[in-house]
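Position 1 is the first residue of the sequence, and the numbers go up from there. Given the structure is predicted, the values throughout are model-derived calculations rather than measurements.
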Amino acid sequence: MTVLTVLLSLAAGAYLIAVLEGWAVHGRLQPARPVISALALLGRESLLARKPDRLFFEVGPVLLLVAGLLAVAVIPLAPGLIVTDLATGALFLNAALAYVLVALIMAGWGPNGAYGMIGGWRFLGQFVAYAMLVVMPITAVALRAESLSTVDIVMSQSALWNIAYQPLGFALFIAAAMGLCWLPPLDLPTAPGDLAGGIEAEYTGVRLAVLRLARMVVILALAGATVTFYLGGWLGPWLPAWAWSGIKILIVAGLMVSTGRLVPRVREARYLELSWKLGIPLALINIFVVGVIALVVEI
């Protein structure tokens, strides 16, 4: 029952995020657009590239969807409403999201086309940039909770949410999440302007539908992780716990798909430079500050 509830919530969330992204891209709110686009993709012939690596070509989109679903499995929506409450949930989430890189490299390499391959390698560059910025802020969050369980991390914020306790960690985690979801201004792996879709360029029909659905699931997983680690998870007054989780996740995901389009695109080399020269030192400072506060004051 819990798994079914989480899957239905995930489907509804993915649909709403697709509507919000369409609004951000086209400037018009069209609630029926995701259904029309999905039906158009499913009704279209699924073409094969001329000399594909068939295994990578077929497995890439499916592996991306599996990685997103595994990450969602450890995100609590309410007390008791979680697929699996692992003692190492935060670590498991990070491990599941590591397969996003594997999936996109496979999806870029599989079609044996230049645009897809360049898109895959661009994402590899982004992975080197964001990988440490995902792990280090999670370390500080777990330090305060004295646990890697995502449920314990939410409960540790009952007096003060982590966005106020460690705002630097929140900013770094969001920057890493945008790169992991390859959202603007870090969307060079698809880059419609110069790569004609990049990773998506050689996919059509059902395969493209799976690839785009998987991307929505990954966005929701990162929005859910942000809410769990920094925005108090299901905590909030008056409304039911699941409602607070849903509202917070949709707001974070909506901001992720819309705000990045207001700034210029960042090349993967620049993102890499900023992450290693500025982001990692700041993440170390964040861990140090959180550790000192945890020793001096009990919050």
(request) With sequence neighbours excluded, tell me which residues meet side-chain contact (heavy atoms from CB on, under 4.5 Å) with F92. (result) L70, V74, L86

(request) With sequence neighbours excluded, tell me which residues meet salt bridge (charged side-chain N to carboxylate O under 4.0 Å, His left out) with E273. (result) R270, K277

(request) Look only at the side chain of Q157 and the backbone of I153, and say whether a donor-acceptor pair between them is shorter than 3.5 Å. (result) yes

(request) Identify, with sequence neighbours excluded, every residue that meets ring-ring contact (aromatic ring centres under 6.0 Å, His included) alongside Y230. (result) F170, F173

(request) Kindly work out whether a path of hydrophobic side-chain contacts (I/L/V/M/F/W/Y, heavy atoms less than 4.5 Å apart) joins V72 to L7. (result) yes

(request) Please report the closest heavy-atom contact between Y271 and A175, naming both atoms and the distance. (result) OH-O, 2.9 Å

(request) Decide yes or no on side-chain contact (heavy atoms from CB on, under 4.5 Å) for L208 and E200, but give the supporting numbers first. (result) CA-CA 7 Å; L208 182 57; E200 296 181 354; 4.0 Å; yes

(request) Check the hydrophobic clustering (I, L, V, M, F, W, Y; side-chain heavy atoms under 4.5 Å; chains of links allowed) and say if I138 and V135 are grouped together. (result) no

(message) According to side-chain contact (heavy atoms from CB on, under 4.5 Å), who are the partners of Y15, at least two apart in sequence or on a separate chain?
(response) V19, P34, V35

(request) Just jot down the side-chain contact (heavy atoms from CB on, under 4.5 Å) partners of L278, sequence neighbours excluded, or say none. (result) L282

(request) Kindly give the cluster partners of I247, where membership spreads through any ILVMFWY side chain lying under 4.5 Å from a current member. (result) L239, W244, I251, L255

(message) Restricting to non-hydrogen atoms, name the atom on L220 and the atom on A14 that form the minimum distance, rounded to 0.1 Å.
(response) CD1-N, 3.2 Å

(message) Using the ring-ring contact (aromatic ring centres under 6.0 Å, His included) criterion, which residues pair with W182? Sequence neighbours excluded.
(response) F123

(request) State the CE-CD distance between M106 and E58, to the nearest 0.5 angstrom. (result) 10.5 Å

(message) Working to the nearest 0.5 angstrom, can you tell me the gap between I82 CD1 and W234 CH2?
(response) 8.0 Å

(request) Might you work through the side-chain contact (heavy atoms from CB on, under 4.5 Å) test for N286 and M136, ending with a clear yes or no? (result) CA-CA 9 Å; N286 179 58; M136 296 175 79; over 6 Å; no

(request) Verify the cluster assignment for L55 and L64: are they in a single hydrophobic cluster under the rule of side-chain heavy atoms below 4.5 Å apart? (result) yes

(request) Could you check if a side-chain atom of P137 sits within less than 4.5 angstrom of a side-chain atom of F229, using non-hydrogen atoms only? (result) no

(request) Give, for atom CZ of R261 and atom CG of L183, the distance between the pair rounded to the nearest 0.5 Å. (result) 7.0 Å

(request) Output all residues satisfying ring-ring contact (aromatic ring centres under 6.0 Å, His included) with Y115, sequence neighbours left out; order by chain, then residue number. (result) none

(request) Count the heavy atoms belonging to other residues, nucleotides or ligands that lie under 6.0 Å from CD of E146, then report whether that count exceeds 12. (result) no

(message) If you compare all heavy atoms of A71 against all heavy atoms of I75, which two are closest, and at what distance to 0.1 Å?
(response) O-CG1, 3.6 Å

(request) With sequence neighbours excluded, tell me which residues meet side-chain contact (heavy atoms from CB on, under 4.5 Å) with W242. (result) A78, L81, P240

(request) Indicate the atoms forming the closest heavy-atom contact of L93 with A225, along with that distance. (result) CD1-CB, 4.0 Å

(request) Might you point out which heavy atoms bring P76 and T150 nearest each other, and give the distance in Å? (result) CD-OG1, 3.7 Å

(request) Determine whether L188 and W109 fall in the same hydrophobic cluster, where Ile, Leu, Val, Met, Phe, Trp and Tyr are linked whenever their side-chain heavy atoms lie under 4.5 Å apart. (result) no

(request) Please check if the side chain of R144 supplies one atom and the backbone of V290 the other of a donor-acceptor pair under 3.5 Å. (result) no

(message) List the residues meeting salt bridge (charged side-chain N to carboxylate O under 4.0 Å, His left out) with E202, not counting sequence neighbours, and say none if there are none.
(response) none

(request) Using atom types as modelled and distance alone, determine if a side-chain donor or acceptor of W276 lies under 3.5 Å from a backbone N or O of V128. (result) yes

(message) Working to the nearest 0.5 angstrom, can you tell me the gap between L168 CG and L172 CG?
(response) 4.5 Å

(request) Determine whether I36 and Q30 make a side-chain contact, defined as any pair of heavy atoms from C-beta on separated by less than 4.5 Å. (result) no

(message) Would a single hydrophobic cluster contain both L211 and F127, if residues Ile, Leu, Val, Met, Phe, Trp and Tyr are joined by side-chain heavy-atom contacts under 4.5 Å?
(response) yes

(request) Grab the two heavy atoms, one from I17 and one from A253, that are nearest each other, plus how far apart they are. (result) CD1-CB, 3.2 Å

(request) Would you mind reporting whether Y130 and S275 have side-chain heavy atoms less than 4.5 Å apart? (result) no

(message) For the CG atom of L148 and the OG1 atom of T88, what is their distance to the nearest 0.5 Å?
(response) 7.0 Å

(message) Using the ring-ring contact (aromatic ring centres under 6.0 Å, His included) criterion, which residues pair with Y99? Sequence neighbours excluded.
(response) none

(request) Sequence neighbours left out, what passes side-chain hydrogen bond (donor to acceptor under 3.5 Å, both in side chains) with D187? Give chain and number order. (result) R265

(message) Rounded to the nearest 0.5 Å, what separates atom CD1 in I249 from atom CE in M256?
(response) 11.5 Å

(request) Could you tell me whether E21 and R215 have a side-chain N and a carboxylate O separated by less than 4.0 Å? (result) yes

(message) When you compare the side chain of V252 with that of L231, does any pair of heavy atoms fall below 4.5 Å?
(response) yes

